[in-house]
Amino acid sequence: MHEQEAARLANLNKARAIGGVNPYGTRTEGLVTLAEAKGRYDEEADAEHQATAKSESPVDDRPRAKVAGRVMLKRTGGKLIWMNLRDASGEDLQIAVSKRDCTGDGFPLAQATDLGDIVVAHGPLMKTRTGEVTIWVDAFEPGAKSLTPPPTKHAGLQDVELRYRQRYVDLWANPETMRVFQLRSAIVSNIRRLMDARGYQEVETPMLQAQAGGAAARPFKTHLNALDVDVSLRIAPELYLKRLLVGGMPKVYEVNRNFRNEGVDKQHNPEFTMIEAYEAFGDMGTMMELTEHLCRESARLVVAWSRGVDILSVSDVDLVLPFGELMIDFGSPFARVGYGELFERSLGFAMSDLDKVWAKADELGIVGKYAGHLAAEGREIGAGGLRGKVDDAIIVNEVFEEVAEASLDPSRPTYITDYPSAISPLTRPKPEDLTLADRADLFLGGMELAPHYTELNDPEVQAEKFRAQLAGVDAEEMTFRTFDKDFIRALKVGMPPAGGMGLGIDRLVMLLTNQRSIRDVLLFPFMRPE
RNA sequence: GAGGGCGUAGCUCAGUUGGCAGAGCAGCGGACUUUUAAUCCGCGGGUCCAGGGUUCGAGUCCCUGCGCCCUCACCA
């Protein structure tokens, strides 16, 4: 169906034939946004102009504006053409191109304009009879031809797949999409400002790594031809940021992409953005306070933005934002609950009661899952079952995630503290109980948002934990668990005690902009190739 | 990976019991210098996701494939 495109090509040629104008525009100085143009309207000047227009000495002191925008609506009269323009400023603005008052070839060019074209218009600001602020155009020229028919003017672009694949249409056709991504940019920019204000130094560490460490996830693998070595895209920047602590940088952070070759769903995209931060001579608590600060101030920014008020005027009690059916309170202090305490409260028995833990794991199908893993590798399970072959801590954690995490109030930001040390390989064990780790994970909206650690800086303990990890049950997992020798070498040089955290930016933006899918906060989410 | 849903005009969507492929907007031609999703008159526009099957006849029923969405599982 190229009927509509043919009509646009015809209009394109029509415009080209008019005075040699380039339908694809040119450099243009002095443009203001549609919102600013609208704001320039002057009631008195407009009234004076109207009163004197038909007199012998007309007065026209109306403010003028030169704008560029995409044509959303077009209503043609015989000698007067109305268009509604849109830009990123969030305000659409009406323009009127009159055959009598528009100079040069403006009027015929306006006639040859199609919905979706980008146009440039210049003229005084006036109000119509019905009170709509309008630019009464005296100079009109094309900005860019749109050869593709636009989505319906009213419904916008609804098709979810098209919205992701053709974000360039979604952004201008659906103002809410533009708003989300403007907010995302503002949130990230604000987070950088908050970090800088606290004396953190932003750094960049490798995304191409010979060994993908700092988390447990399957990496994307590729090959560096020049050196003939296999490399991976990073799954976390952690081990490099800690090397910088060793080098003497006291407070570092990085906002950038991680890549994980795993499931794709509403909360997971193959590449996602995290802020990771480390502070020498801090600890888990230092970082929990930092995360709470970043979340709260980000919420303040969003509230200020949506109300159109100054950020300083938004108090903590106003920091309640909708997320689906939930109302999330970012203003109150975040809740805290111990891992073991939450386990016992939700399961009815202690995590140390291993008989009951294993029985529950069996009931939940967890045992069967692990038995399947072992069987797939051809390993004997034996008469004694799985116990003894799979670390108790892993089974405890499976039960915890299934039952205890799910019992949290999703509308209340909550830190889970005192994780088992066995599942926290990069975290310092608690001095008073070496089976627990100085680790706290922030949960919110049913999502894991950010882990916090008192970092492990004892190279011997770290080396032992790497070895223990590698003794895992699953051969498949072995392929992405790494023993980073250089990292141990760095720790041997001496890393100051430190706190660290990693906050998922995409998920934070989801929570703050009320978007239920990570794809709606990523400009170009990963899509299967067409 | 399992289950469910969807795929029809450029866009947004109807399509009844299996019986000539529909609407609104958009487009084309005409009228109109204060319109507001402008209005009025007229006209054109389809690989019904793809392939196969059942049937006199399939957008509709069946099978296979592709794509997207949802739920669950996986992803410590």
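In the text below, chain A, chain B and the rest are named by the order of the sequence lines, each starting its count at 1. What's counted below: heavy atoms across the whole structure, side chains too, no hydrogens, waters or symmetry copies.
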(message) Between B:C28 and B:A21, how far apart are the two P atoms, rounded to whole Å?
(response) 28 Å
(message) Taking the P atom in each of B:U8 and B:G15, what is the distance between them to the nearest angstrom?
(response) 14 Å
(request) Determine the Euclidean distance between corresponding C1' atoms of B:G5 and B:G42; express it in Å to zero decimal places. (result) 41 Å
Polar atoms only, N or O, under 3.5 Å: list the protein pairs with nucleotides 65-67 of chain B and their distances.
unit_1	atom_1	unit_2	atom_2	d
B:G67	OP1	A:Arg528	NE	3.2
B:G67	OP1	A:Arg528	NH1	3.4
B:G67	O2'	A:Glu161	OE1	3.3
B:G67	O2'	A:Glu161	OE2	2.9

(message) My understanding is that a pair needs two contacts under 3.5 Å, Watson-Crick or G-U wobble. By that rule, which nucleotide pairs with B:U39?
(response) B:A31
(request) Using atom CG of A:Leu115 as one end and atom P of B:A38 as the other, report the distance to the nearest whole Å. (result) 9 Å
(request) Go through B:U12, B:U33, B:C32 for me and flag the one nearest to the A:Lys99 side chain. (result) B:U33
(message) Would you say A:Lys153 places a side-chain N or O within less than 4.0 Å of OP1 or OP2 belonging to B:G24?
(response) no
(request) Answer yes or no: does atom NZ of A:Lys430 have more than 12 heavy-atom neighbours from other residues, nucleotides or ligands under 6.0 Å? (result) yes
(message) As a test of reading the structure: which of B:U34, B:G45, B:U33 is closest to the side chain of A:Arg100, going by heavy atoms?
(response) B:U33
(message) Let's test this: given Watson-Crick or G-U wobble pairing with both distances under 3.5 Å, identify the partner of B:C56.
(response) B:G19
(request) Write down the distance between CG (A:Asp520) and P (B:C69), rounded to a whole number of angstrom. (result) 10 Å
(request) Go through the N and O atoms of the side chain of A:Gln4 and the base of B:G27, and report whether any donor-acceptor pair is under 3.5 Å. (result) no
(message) Please give the distance between the P atoms of B:U55 and B:C41 as a whole number of Å.
(response) 49 Å
(message) For a quick check under 3.5 Å, do A:Asn11 and A:Asp114 share a side-chain donor-acceptor pair by atom type?
(response) yes
(request) When you get a sec, tell me which of B:G27, B:U33, B:A76 is the closest nucleotide to the side chain of A:Lys79? (result) B:U33
(message) Please classify the nucleic acid contact of A:Thr148 as base, sugar-phosphate, or nothing, using heavy-atom distances under 4.0 Å.
(response) nothing
(request) Assess the side chains of A:Ser232 and A:Gln209: does a donor N or O sit below 3.5 Å from an acceptor N or O? (result) no
(message) Checking side-chain polar atoms at under 3.5 Å, does A:Asn397 have a donor or acceptor matched by the opposite partner on A:Tyr419?
(response) no
(message) Need one value for A:Met83: base, sugar-phosphate or nothing, where a base atom within 4.0 Å counts as base even if backbone is also close, heavy atoms only.
(response) nothing
(request) Go through residues 131-147 of chain A and report each residue with a non-hydrogen atom lying under 4.0 Å from RNA chain B, sorted by number. (result) A:Glu132, A:Trp136
(request) State whether the side chain of A:Arg167 and the backbone N or O of A:Leu522 hold a donor-acceptor pair below 3.5 Å, judged by distance alone. (result) yes
(request) Tell me what A:Arg519 touches on the nucleic acid: a base, only sugar-phosphate, or nothing, going by heavy atoms under 4.0 Å. (result) sugar-phosphate
(request) Provide, to the nearest angstrom, the distance between the CD atom belonging to A:Gln267 and the P atom belonging to B:C74. (result) 14 Å
(request) May I ask you to decide if A:Glu36's main-chain N or O and A:Thr33's side chain share a donor-acceptor pair within less than 3.5 Å? (result) yes
(request) Take the angle between the ring planes of A:Phe466 and A:Phe487 and call it parallel below 30°, perpendicular above 60°, tilted in between. (result) tilted
Residues 499-507 of chain A, side-chain donor-acceptor partners within the protein, below 3.5 Å, at least two apart:
unit_1	atom_1	unit_2	atom_2	d
A:Asp506	OD1	A:Arg184	NH1	2.8
A:Asp506	OD1	A:Arg184	NH2	2.9
A:Asp506	OD2	A:Thr273	N	2.7
A:Arg507	NE	A:Gln267	O	3.4
A:Arg507	NH1	A:Glu448	O	2.8
A:Arg507	NH2	A:Gln267	O	3.2
A:Arg507	NH2	A:His268	NE2	3.3

(message) Can you tell me which nucleotide in B:A76, B:U35, B:C69 comes closest to the side chain of A:Gln94?
(response) B:U35
(message) At 4.0 Å (heavy atoms only), tell me whether A:Glu398 reaches a base, stays on the sugar-phosphate, or touches nothing.
(response) nothing
(message) Ring of A:Phe323, cation from A:Arg516 - is the NZ or CZ under 6.0 Å from the centre and inside 45° of the axis?
(response) yes
(request) Just jot down the side-chain hydrogen bond (donor to acceptor under 3.5 Å, both in side chains) partners of A:Lys74, sequence neighbours excluded, or say none. (result) none
(message) For A:Asp42, is there an ion pair with A:Arg40 - N to carboxylate O distance below 4.0 angstrom?
(response) no
(request) For A:Trp172 and A:Asp87, test the side chains for any donor-to-acceptor distance below 3.5 angstrom and give the result as yes or no. (result) no
(message) Work out how far the P atom of B:C40 is from that of B:G46, and round it to whole angstrom.
(response) 26 Å
(request) Output all residues satisfying side-chain hydrogen bond (donor to acceptor under 3.5 Å, both in side chains) with A:Arg8, sequence neighbours left out; order by chain, then residue number. (result) none
(request) Side chain of A:Lys266 only, please: which of B:C70, B:G27, B:C11 is the nearest? (result) B:C70
(message) So if I take every side-chain heavy atom of A:Ser98 and compare against B:U33, B:A26, B:C13, which nucleotide ends up nearest?
(response) B:U33
Between N or O atoms, less than 3.5 Å apart, protein on one side and nucleotides 1-8 of chain B on the other: list the pairs.
none

(request) Sticking with atom C1', work out how far B:G67 lies from B:G57, rounded to a whole angstrom. (result) 30 Å
(request) With heavy atoms under 4.0 Å as the rule, sort A:Asp159 into base, sugar-phosphate or nothing. (result) sugar-phosphate
(message) Just by distance, no angles: are the side chains of A:Arg75 and A:Gln94 close enough, under 3.5 Å, to form a donor-acceptor pair?
(response) yes
(message) Taking A:Phe272's backbone N and O only, do any of them form a donor-acceptor pair with A:Asn269's side chain (distance below 3.5 Å, no angle check)?
(response) no
(request) Tell which nucleotide pairs with B:G24, taking only Watson-Crick or G-U wobble pairs whose two distances are both under 3.5 angstrom. (result) B:C11
(message) Quick check for you: among B:C25, B:G27, B:U35, whose closest atom lies nearest to any side-chain atom of A:Thr152?
(response) B:C25
(message) I'd like the P distance from B:G53 over to B:G59, given in whole Å.
(response) 15 Å
(request) Would you please confirm or rule out a distance under 4.0 Å between OP1 or OP2 of B:A38 and any side-chain N or O of A:Arg75? (result) yes
(request) Ignoring the backbone of A:Ala7, work out which of B:U12, B:C28, B:G10 is nearest its side chain. (result) B:C28
(request) Identify which nucleotide among B:U12, B:A26, B:U34 has an atom closest to any side-chain atom of A:Leu157, counting heavy atoms from C-beta outward. (result) B:U12
(message) Rounding to an integer number of angstrom, what distance separates B:C6 and B:C49 when you compare their C1' atoms?
(response) 11 Å
(message) Nearest heavy atom decides the nucleotide; on that basis, is A:Val264 or A:Pro151 closer to the 5' end of RNA chain B?
(response) A:Pro151
(request) Can you tell me the pairing partner of B:A2 across any strand shown, Watson-Crick or G-U wobble, with both distances under 3.5 angstrom? (result) B:U71
(request) Name the closest nucleotide to the A:Glu3 side chain, picking from B:C69, B:U35, B:G45. (result) B:G45
